[in-house]
Amino acid sequence: MPNQNGSLYGLTILSPIIDDENATPSHDLQIRDYLAQLSTREDSPFAMAPGTHLARLVVMDDVIYVGMPSCEEHLKSKYLVFESNCDGDLDTYLGGLADAIPTHLDGIWGHCVGYPKQGAADRQAFIHYMKACQLETTFYFAAVNDKSVPATLKALQIQTAVADFIASHQGADPATLQREFIDFAAHLRAQPAPPPGSLGPHRTIETGGHNE
Amino acid sequence: MSNINGKVYALNVITPMKPWKTWILRTAFFVLDHVKPLQNDLINLSFIEFARWVIIPRDAFPFLGNGQRPEELKYNYLLFFSNFNGTWNQYIDAFSAVLSKGLNLIWRWSEKFPGSVPVTPFKQYIAQVQFDTDYYYTAYPHATANDLKSAHIVQNSFSRLSTFAAQSTPQQFAEAYLQFVLQVQAHLGETGEAPQVG
């Protein structure tokens, strides 16, 4: 199935944005404004909900005219694009979003045509709505396609800790090395995986133009 | 607008295609999906965490009623979303240098595609058909695709050594530890802050 690669799911959703000339600011701008306020770190809505490796939200204003001799044409709606690379089963993932971050989902998709009146609080209606806006992915590539988000974060945690352990135990005698390795492994196993979105650098500038 | 989060860049591209050409592209993707060796160049580039192509037939844009006007389009559209490590220029350069045949096979059905070599008109085309990301999230902003692969290699070796540690003598453990270090030493590169760009 093209939406899936191993245990990873490539979710692509295009939601038409409400076109209301009486809305000020327009609904697409309200979405952009809402997204601009959202954290991309461990307090991101997608970090609070389970299962998202990487995700993006994009307001697509129109299709792009590439010049003569092609025909110029335009969309009648603007669309909110949601591209998510997530763990496993789609219903579980969407249900997890609805359970964990309903207010954010309403803040974003509440500006889209046909969004459930009760919002994400109506779990089934939310899942049904998202599926109605879903596009089938034609070809999906994942560099690592068999690890969940928690498993990936745990592996990255172990990688860093192991590097530190090796650096600090060069030349240790066998008995000490073994004893301290056993303690180290037990300690590492007991440690919780770091929260999603938490290990990146704190940067004040997060923009990036077309082709820097 | 935020195309970058940590070490990943979100690229969005949309290109128009004559509907009859879509079927050729679907066939190409079907072959690419089922003949795994054809993906080797994509895998070996090793700086793409996730990527996807989505064909939207001209009559298949989501339509929900409720006052939404149905689209009336002549073209089908090809969407491309990539999550890659490095800068835009590095990415497009590498794509052009390593995957030129594959890219031509995918995009030659799009209107006005100039070919992926030479790289200058290819870059101009991608810049023309790219649109920016409003919100970009990654669960592991400090890690690249290679970091992810390496982390899983280290974790597997570490688990094996942890099991062995509890049931070996100090001398046996020291020898196994040395082998472990040899196995993982190329996979311990430090993750951390991405270089500043823009």
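Naming: A, B, ... by sequence-line order, numbering from 1 per chain.
Chosen from Lys147(A), Arg32(A), Lys76(A), the residue pairing most often with chain B at heavy-atom distances under 4.5 Å is Lys76(A). Ranked by heavy-atom pairs shorter than 4.5 Å toward chain B, the options Pro45(A), Ala142(A), Cys71(A), Ala163(A) are led by Cys71(A). Of the listed residues (Ser159(B), Ala176(B), Ala166(B), Ser82(B)), the greatest number of heavy-atom pairs within a distance under 4.5 Å of chain A belongs to Ser82(B). Taking Arg69(B), Lys74(B), Glu71(B) one by one and counting their heavy-atom pairs under 4.5 Å with chain A, the maximum is reached by Glu71(B). Among Gln68(B), Lys18(B), Lys123(B), Lys149(B), the residue with the largest count of heavy-atom pairs under 4.5 Å with chain A is Gln68(B). Chain B forms more heavy-atom pairs under 4.5 Å with one residue of Leu188(A), Leu177(A), Val81(A) than with any other, namely Leu177(A). Ranked by heavy-atom pairs under 4.5 Å with chain A, the first of Val181(B), Leu161(B), Leu78(B) is Leu161(B). Between chain B and the residues Ile17(A), Ile18(A), Val113(A), Asp61(A), the most heavy-atom pairs under 4.5 angstrom are made by Val113(A). In terms of heavy-atom pairs under 4.5 Å with chain A, the best-connected choice from Asn83(B), Ile14(B), Leu25(B) is Asn83(B). Ranked by heavy-atom pairs under 4.5 Å with chain B, the list Leu35(A), Leu75(A), Asn145(A) is led by Leu75(A). No other option in Leu14(A), Leu8(A), Val144(A) has as many heavy-atom pairs under 4.5 Å with chain B as Leu14(A). Interface check for chain A: of the options Thr15(B), Leu32(B), Val154(B), the most heavy-atom pairs under 4.5 Å are formed by Leu32(B).
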Quiz prompt | Stepwise side-chain contact (heavy atoms from CB on, under 4.5 Å) check, Glu136(A) with Ile55(B) | solution = CA-CA 8 Å; Glu136(A) 188 181 58; Ile55(B) 295 171; over 6 Å; no
Quiz item: Do Leu156(A) and His142(B) pass the side-chain contact (heavy atoms from CB on, under 4.5 Å) test, and can you show the C-alpha distance, the side-chain angles, and the key distance before you say yes or no?
Solution: CA-CA 10 Å; Leu156(A) 287 164; His142(B) 62 305; 4.0 Å; yes
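Contact of Tyr79(A) with chain B is made through the side chain alone, with heavy-atom distances under 4.5 Å. Both the backbone and the side chain of Asn85(A) come within contact range of chain B, judged by heavy atoms closer than 4.5 Å. Of the two parts of Phe29(B), the backbone and the side chain both hold a non-hydrogen atom closer than 4.5 Å to a non-hydrogen atom of chain A. Heavy atoms of Ala172(A) lying under 4.5 Å from chain B are absent altogether. Looking at Val149(A), only its side chain comes within 4.5 Å of chain B, counting heavy atoms on both sides. Proximity to chain A is limited to the backbone of Ala60(B), based on heavy atoms less than 4.5 angstrom apart. With a 4.5 angstrom heavy-atom cutoff, Tyr125(B) touches chain A only via side-chain atoms. With a threshold of 4.5 angstrom between heavy atoms, Ile56(B) approaches chain A through side-chain atoms but not through N, CA, C or O. At a 4.5 Å heavy-atom cutoff, Ile92(B) makes no contact with chain A through either its backbone or its side chain. Only the backbone of Thr169(B) comes within contact range of chain A, with at least one heavy atom under 4.5 Å from a heavy atom of that chain. For Ser15(A), no part lies under 4.5 angstrom from a heavy atom of chain B. In this structure, chain B has heavy atoms under 4.5 Å from both the backbone and the side chain of Ile166(A). Of the atoms belonging to Glu175(B), not a single heavy atom falls under 4.5 Å from chain A.
Taking 4.5 Å as the limit, every side-chain heavy atom of Ile108(A) sits out of range of all side-chain heavy atoms of Tyr135(B).
Checked against a 6.0 Å centroid threshold, the rings of Phe181(A) and Phe158(B) count as neighbours.
Along residues 102-120 of chain B, the residues that come nearer than 4.5 angstrom to chain A, judged on non-hydrogen atoms, are Glu111(B), Lys112(B) in order of number.
For the pair Pro141(B) and Gly197(A), the tightest heavy-atom approach, listed with the atom from each and the gap, is CD-CA, 4.1 Å. What you find for Ile64(A) and Gln130(B) is that their closest heavy atoms are CD1-O, 4.0 Å. Nearest heavy atom pair, residue Leu135(A) against residue Pro62(B), reads CD2-CD, 4.2 Å. Heavy atoms only, all atoms of each residue included: Ala165(B) and Gln178(A) are closest at O-NE2, 2.8 Å. Nearest heavy atoms, Arg189(A) versus Ser162(B): NH1-CB, 3.9 Å. Listed here is the closest heavy atom pair of Gly67(A) and Gln128(B): N-NE2, 4.5 Å.
A donor-acceptor contact shorter than 3.5 Å is absent between the side chain of Gln159(A) and the backbone of Ile153(B). Between the side chain of Gln155(B) and the main chain of Ile158(A), no donor-acceptor pair closer than 3.5 Å is present. Between the Arg52(B) side chain and the Leu11(A) main chain, a donor and an acceptor come within less than 3.5 Å of each other. Although no hydrogens or angles enter the test, the distance criterion places a donor-acceptor pair under 3.5 Å between the side chain of Glu73(A) and the main chain of Tyr75(B).
From Ser70(A), atom OG reaches atom CE of Met17(B) across 13.5 Å, with rounding to the nearest 0.5 Å. Once rounded to the nearest 0.5 Å, the distance linking CG of Leu54(A) with CD of Glu49(B) reads 5.5 Å. Considering CD1 of Ile4(B) and OG1 of Thr40(A), their distance stands at 12.0 Å, rounded to 0.5 Å. The structure places CE of Met60(A) at 9.0 Å from OH of Tyr77(B), a figure rounded to the nearest 0.5 Å. Interatomic distance, CG of Leu11(B) versus CZ of Arg56(A), reported as 7.0 Å (0.5 Å rounding). Between the CG atom of Asp33(B) and the CG atom of Asn5(A) there is a distance of 7.5 Å, given to the nearest 0.5 Å.
Gln118(A) CD: 12 or fewer foreign heavy atoms inside a 6.0 Å radius. Residue Glu72(B) qualifies as open at atom CD: its count of foreign heavy atoms under 6.0 Å is 12 or below. Dense packing is recorded around CZ of Phe164(B), with more than 12 heavy atoms of other residues, nucleotides or ligands lying under 6.0 Å away.
Remark: His111(A) engages His27(A) in a side-chain hydrogen bond (donor to acceptor under 3.5 Å, both in side chains) (not counting sequence neighbours). Judged as a side-chain contact (heavy atoms from CB on, under 4.5 Å), and not counting sequence neighbours, the contacts of Cys86(A) are Tyr9(A), Ser84(A), Tyr93(A). For Ala47(A), the side-chain contact (heavy atoms from CB on, under 4.5 Å) partners at least two apart in sequence or on another chain are Ser44(A), Pro196(A), Tyr137(B).
Ring pair Tyr177(B)/Phe165(A) is perpendicular by interplanar angle, where above 60° counts as perpendicular and below 30° as parallel. Ring geometry for Tyr140(B) against His53(A) counts as perpendicular: the plane angle is over 60°, on a 0 to 90° scale with 30° as the lower cut.
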